[in-house]
Amino acid sequence: MNGLPRSEALRLVDLILKGEVDRIAPRYDPALGYEYCSALEELGIKCDDAMELIRELVEIGVLRKEVHDRVASCSKCGSEVFLVRAKCPYCGSLDFHRSVAIEHLTCSYVGLESEFLDQRGRLSCPKCRRELKGLGIDSLRVADVYRCGECGEVFSVPSLTHECLKCGYENREVELRPKEVYRYVVVPEGIRREDPVLKLHDAIRSKAHGYEVEGPYAKVRGSSEVELEFSIVIRKPGSEFTVIEVVEDLDRERLLAVFAKAYGVSARDVIVIHRGEVEEAVRSLASRLGVRLLKLGDFDEVAEEVLKSLGGGES
Amino acid sequence: MKGIYVTLSLMYLNLILIPIAIGGKLSLMAFLTAIAISSYFTFHAMAFRRSERPRYVGEDFLPLLIIGVPLILSLIISYDVYSIFERLLYSLLAFGLTMITWHYLLLVPLAIYYRNLEERERKQPLIYRPLVSVIIPARNEEKVIGHTIRSVLESDYEPKEVIVVDDASTDRTFEVASKYQGPRVKVLRKEVGGMGKARALNFGLRFARGEVVVFIDADTLITREAIGELVRKLQDPNVSAVAGNVMVRNRVNLLTKLQAVEYIATFHLFRKGLSVLGAVPIISGALGAFRRDILETTGFYDADTLTEDFDVTVKALKAGKVVQASSYAVAFTEVPERLRSLYKQRLRWYRGAFEVLFKHKDVYRYSSGFGHLKALDFPLIIMNNLIIPFIDFLSIISIALAILRGLVLPLIVQVILFSTLQILITLISLQIAEEKDVSLAVIPLFAIGYKQFHEALMLKCFLDVLHARLRGRSFGWTFIERKGIEERIAQEVRF
């Protein structure tokens, strides 16, 4: 997740983990074609390089790609934004005009509208010389036919060319290439597999007899009536409880933030489980604040440590 | 060639044996009258070979003479038959024998003659090379249209343009055909359609630029040389239209194999024989060519019959034009594989044929001057589609009478002779067509069974059309002006 600012990437992951996002679907922009940024921005995520993050999440199995659409794309650059142009299928000229073919139903003569126009300005059949009573009565408009002003050919449907608005190449219909556009769907099993909070929650729950284990991502109402979120909350019978926060890296600010949150909800114990290394100064600060630190390793072992520490141990 | 003459000799022998086996004055009279009529036409065939507006000797009375004289003679000669019913029955049977005999005595030798003529013609270089517009009308033919277009594009004839008319298909016909759109293929869509092939053909014709127009059905594949061979016939400035040689492509079961035999033994023989006179009355919609000016002067296709191909050919013949068939312009078409589909197809064909005969009733007018059409084509079609089926029906009564009287042996001899005649004619047709892919085992079934099925159907269709006419209705696409387009109805009158 190098391309995307870390905070944006985490926010997206956070939203996925909380279940607030179950899919990321592209939107069609007439100027750009299919893109994902507007969908992400709607979630409050700045989109500098969303595709890189999405790709990584697909790789680790959190997202699964599904075909959202299959569009024609430019044979040169792959863009799907075109200007469609109608041309004569024979010479490629833009100079063609439409005529209406009329069938005189009583004698089955077929001709262009102009052929039926007699010198008096009325419509009469060139074959049987009878005057036409009107379209839909004794005659029928059977087709629209185009005639090219340059080559003189007639055709029913002009050929369409697709000028790519990105690279300017004019694709003939046969040159266009099909391109798949994907949407990305959250895989619940993938999150469970990858999210340490979930795994730890499951491990503690299986071992913590006599405790109520809340979470993952449990919310606790603080003294200021604001709900604060912790990775896991373990309640002892009665009202005392311990909050656990799982973090990737732990620095001074993060530690203070966790402590402040725990203080806000009057937690009896605070445990921070970290994946990365912790500086000695931070470790010492934690000690002074009464925050227990545990290093994330084997989930069962960490769970046992957590339960042990509820009795007053330290990592 | 030797094989053809051997079969021809056997056919003559068979024809001679029939009156001998039947015996009596009636059969002798029938045989002699048949020789007289076929000689008359053979003489004219040689005299009028490919000439426009021929005038037959006694043309104005000819239909009456061909049909009336044998019938009256039969009635006179059978004066000594005691029962009126039997007298009438035997007279009609003798009349039928006359018809069958002169029909084959005329057409089989003419077809052989035409085969040799075509062989010689084929050696001449193709100098006349007009622009040919190939029109393919298609309605819901997504499965086959691509193959048909490709077969036309692969044709060795140039210059040509292909016009595919999508007759308001509801499937992907237009989409499939559009893949071939380009300098040589126009794909035009009729947004309102399904009102008969004639209208789709007229639509295509409106945009055709060729001096010659070739029509191909959307389910038909043509050989590489087919278009060139059609044009070869038009090298003769007297010839205005040419029928292709339509063969059955899907010989997959007994029914389609029988149809394959029918196409050769009936349609081809008929077309080849009449080609000598330039009087082919039906250019099949599956493959045929017209000079465009003929279509223009005769008012293109009419949509008022079910068989627009027969109608348009009759109009060309009425205009005094020479119409021939080409044996080398080969097309392969798909025929119905199930009896029900065949029944529906033939209902359309036979009803259409009678409608055309009714529509062009002016041909029978005294001094109409329609030459071949009046003297030969229409009488032959009436004979094949009405008289012979009727006589065959009567022959069943005569067989029943013979059995009741214990005349079993003569009856067996006669049945064998008539069946052998049919088999020999089928065989000679296959030899003329140089057709080797037909299973000979189906020929007896074609002569006994298949033919009778069609004859019964022809009689039914005649009655259907007669009934419809009496009620002022038609089976074709008609349009009732006063009520507007909602009344555009296919008058599929149900009986």
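Hydrogens, waters and symmetry mates play no part in the numbers below; they use all other heavy atoms, side chains included. Just so it is clear: chains get the letters A, B, ... in the order the sequence lines come, proteins before strands, and each one is counted from 1.
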Here the pair of heavy atoms bringing B:Gly299 nearest to B:Lys315 is O-NZ, 3.8 Å

* Asked: Which class fits the ring pair A:Tyr182 and A:Tyr184: parallel under 30°, tilted 30 to 60°, perpendicular over 60°?
  -> tilted

Anything under 30° is parallel, anything over 60° is perpendicular, the rest tilted; go ahead and classify A:His68 against A:Tyr34.
-> perpendicular

Nearest heavy-atom approach of B:Val231 to B:Pro130 is CG1-CD, 3.7 Å

Within residues 280-288 of chain B, the residues sitting under 4.5 Å from chain A by heavy atom, in sequence order, are none

Most heavy-atom pairs under 4.5 Å with chain B, out of A:Asp144, A:Val142, A:Val145, A:Val157, belong to A:Val142

Between B:Arg351 and B:Asp464, is the salt bridge (Lys or Arg N to Asp or Glu O under 4.0 Å) condition met? List the steps. CA-CA 7 Å; B:Arg351 280 173 176 169; B:Asp464 288 350; 2.8 Å; yes

Turns out that what part of A:Glu173 lies under 4.5 Å from chain B's heavy atoms comes down to neither

Residues 135-171 of chain B vs chain A, non-hydrogen distance cutoff under 4.5 Å, contacting residues -> none

Exercise for the section: Mind telling me whether A:Tyr109 and B:Phe300 have parallel, tilted or perpendicular rings, with 30° and 60° as the class edges? Expected result: tilted

Problem set entry | side chain to side chain donor-acceptor pair (under 3.5 Å) assessment of B:His360 paired with B:Lys318 | CA-CA 9 Å; B:His360 296 282; B:Lys318 279 172 90 174; 2.9 Å; yes

The complete set of salt bridge (charged side-chain N to carboxylate O under 4.0 Å, His left out) pairs with one or both residues in residues 145-161 of chain A, sequence neighbours excluded, reads A:Glu153-B:Lys186, A:Glu153-B:Arg209

Closest heavy-atom pair, A:Ala143 versus B:Phe203, reported as atoms and distance to 0.1 Å, is CB-CZ, 3.6 Å

Honestly, the part of B:Phe174 sitting under 4.5 Å from a heavy atom of chain A is side chain

**Message:** I'd like to check B:Glu211 versus B:Asp293 (side-chain heavy atoms, cut-off strictly below 4.5 Å). Are they in contact?
**Reply:** no

Across all chains, not counting sequence neighbours, the side chain to side chain donor-acceptor pair (under 3.5 Å) partners of B:Arg291 are B:Tyr128

Bottom line for A:Val174: the part with an atom under 4.5 Å from chain B's heavy atoms is neither

